[in-house]
Number of protein chains: 2
Amino acid sequence: MTVDLEESARKLLEVVPIIMQAIRSEMRSRRSLDLTVPQFRALAFVNRNEGSSLWEVARHMGLTPPSTSRLVDGLIARGLMARNDHPADRRRVRLTVTGQGLTILEASTEGTASYLADKLSGVDADNREVIDKAVETLRAVFAPAHELER
Amino acid sequence: MTVDLEESARKLLEVVPIIMQAIRSEMRSRRSLDLTVPQFRALAFVNRNEGSSLWEVARHMGLTPPSTSRLVDGLIARGLMARNDHPADRRRVRLTVTGQGLTILEASTEGTASYLADKLSGVDADNREVIDKAVETLRAVFAPAHELER
DNA sequence: ATTAAATAATTAGAACATCTAATTATTAGA
DNA sequence: TCTAATAATTAGATGTTCTAATTATTTAAT
């Protein structure tokens, strides 16, 4: 029984980047899809939140608006996202995922989830449940507050 | 009870980047230390493995040798790491953490772990134990195989 | 109603991350 | 010894992310 907070934190700090790296490599390895993690996340968010403003995407991702603006630029350049005028407020932007963007998002989600599922398949049912529960708790702890009421 | 492998994988895919982003922001926010996550990881690895070769660092981090070479360049430029000749094999490089590097590594570890500990402090003991156990399992699943016998 | 303040987004400039391909040394093996 | 393999770097590209400054638009206050 660890229970030592600092110790738990250090382990988390060691393991999270390792998993992240695995996800990153997996995502970029599919030549045909080739989304970076931020691109993937932005696409997924806008897909779930049709017509998001740049600021909403930035807040979700924990990025500054300029960073987000560039990120979106890249996605638009590849035809995966579209930037339109907001009808009520001309300062604002309405972001949407294009058909092609959705196709790639889905393929990428599917592919990466399969990869992770494969990794997890070696874990017995009990421990998988432990992981599920931990992920749930961690989500509550780390997810931007405004996204938890869903 | 979720138990659905694919579903677990998708949740992991959602949550890991969120935690990662929190860690990244936290690390870069300490102006005086200001390590990026890859810099931090490289420093931590070389500190634990005095005299590592470039290739070992690359393998640990899941990066290509060129990427690692540049990463190390940056650390050396900041005086946090040193690159020396390997006595037996002149192709190889012996990496070590400098005194200043160690100072910054420790401060950064301490600061980031405190930040995470603070986040986790709101979680009750039972759930903390669940998280610990999950982290342990995930480490076994994702850590590079060669690093598990320790 | 006009001006000042606040908000939304972008541009500019910088440092870093990361890849593939090609190159340079050095060592090991046929 | 000449060729293979190994270790590392350089080159060139694209993407990430920051701060600071700028542009446009809307809201609020006189």
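Each chain gets a letter, A, B and so on, in the order the sequences are listed, and its residues count up from 1.
- The residue A/S53 sits close only to the backbone: its heavy atoms come under 4.0 Å of sugar-phosphate atoms, none of a base.
- A straight line from CG of A/L35 to P of D/dG15 spans 11 Å, rounded to a whole angstrom.
- Atom-to-atom, CG of B/L54 to C1' of D/dA8 comes out at 6 Å; the value is rounded to the nearest Å.
- Phosphate contact (OP1/OP2 of C/dT18, side-chain N/O of B/T64, threshold under 4.0 Å): absent.
- Among residue pairs with one or both ends in residues 88-101 of chain A, those qualifying as salt bridge (Lys or Arg N to Asp or Glu O under 4.0 Å) are A/D89-A/R91, A/D89-A/R92; sequence neighbours excluded.
- Base pairing analysis places C/dA30 opposite D/dT1; the two distances defining the Watson-Crick or G-U wobble pair are each below 3.5 Å.
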Set out, line by line, the N/O atom pairs under 3.5 Å between protein and nucleotides 22-26 of chain C.
none

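- The residue among A/A88 and A/T68 whose nearest nucleotide of DNA chain D is located toward the 5' end is A/T68.
- Residue B/R24 has a polar side-chain atom (N or O) positioned under 4.0 Å from OP1 or OP2 of D/dT17.
- For the salt bridge (charged side-chain N to carboxylate O under 4.0 Å, His left out) test, no residue two or more places apart in sequence or in another chain qualifies with B/E106.
- Screening residues 114-124 of chain A for salt bridge (Lys or Arg N to Asp or Glu O under 4.0 Å) gives no qualifying pairs among residues at least two apart or on separate chains.
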Pairs: protein N or O with nucleotides 13-16 of chain C N or O, under 3.5 Å:
from   : atom 1 : to    : atom 2 : distance (Å)
C/dG13 : N7     : A/R70 : NH2    : 3.3
C/dG13 : O6     : A/R70 : NH2    : 2.9
C/dA14 : N6     : A/R70 : NH1    : 2.9

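- Contact annotation: the side chain of A/D4 never approaches that of A/R10 to less than 4.5 Å [non-hydrogen atoms, C-beta and beyond].
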Return a table of donor-acceptor pairs under 3.5 angstrom between the side chains of residues 61-70 of chain B and protein atoms on other chains or two or more places apart.
from  : atom 1 : to    : atom 2 : distance (Å)
B/T64 : OG1    : B/S67 : N      : 3.4
B/T64 : OG1    : B/S67 : OG     : 2.9
B/T68 : OG1    : B/T64 : O      : 2.8

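- Distance, A/R83 CZ to C/dA9 P: 10 Å, rounded to whole Å.
- Between B/S69 and D/dT9 there is a side-chain N or O to OP1 or OP2 distance below 4.0 Å.
- Between A/R83 and A/V72, some side-chain heavy-atom pair lies under the 4.5 Å cut-off.
- Its glycosidic angle being within 90° of 0, D/dA4 falls on the syn side.
- Atom CH2 of A/W55 is separated from atom P of D/dT25 by 21 Å (rounded to the nearest Å).
- By the ring pair (Phe, Tyr, Trp, His ring centres under 6.0 Å) test, B/F40 is found to be paired with no residue, residues two or more places apart in sequence or in another chain being considered.
- As rounded to whole Å, 11 Å separates atom P of D/dG15 from atom CG of A/L80.
- Residues that satisfy the side chain to side chain donor-acceptor pair (under 3.5 Å) test with A/S114, not counting sequence neighbours, are A/E110.
- Alongside B/W55, the hydrophobic cluster contains no other residue (criterion: ILVMFWY side chains under 4.5 Å).
- Rounded to whole Å, atom C1' of D/dT6 lies 14 Å from atom CZ of B/R59.
- Hydrophobic clustering, with ILVMFWY side chains joined whenever heavy atoms are under 4.5 angstrom apart, groups A/M27 together with B/F142.
- Between the CZ atom of B/R92 and the C1' atom of C/dA28 there is a distance of 12 Å, given to the nearest Å.
- If you measure from atom CG of B/D85 to atom P of D/dA8, you get 11 Å, rounded to the nearest angstrom.
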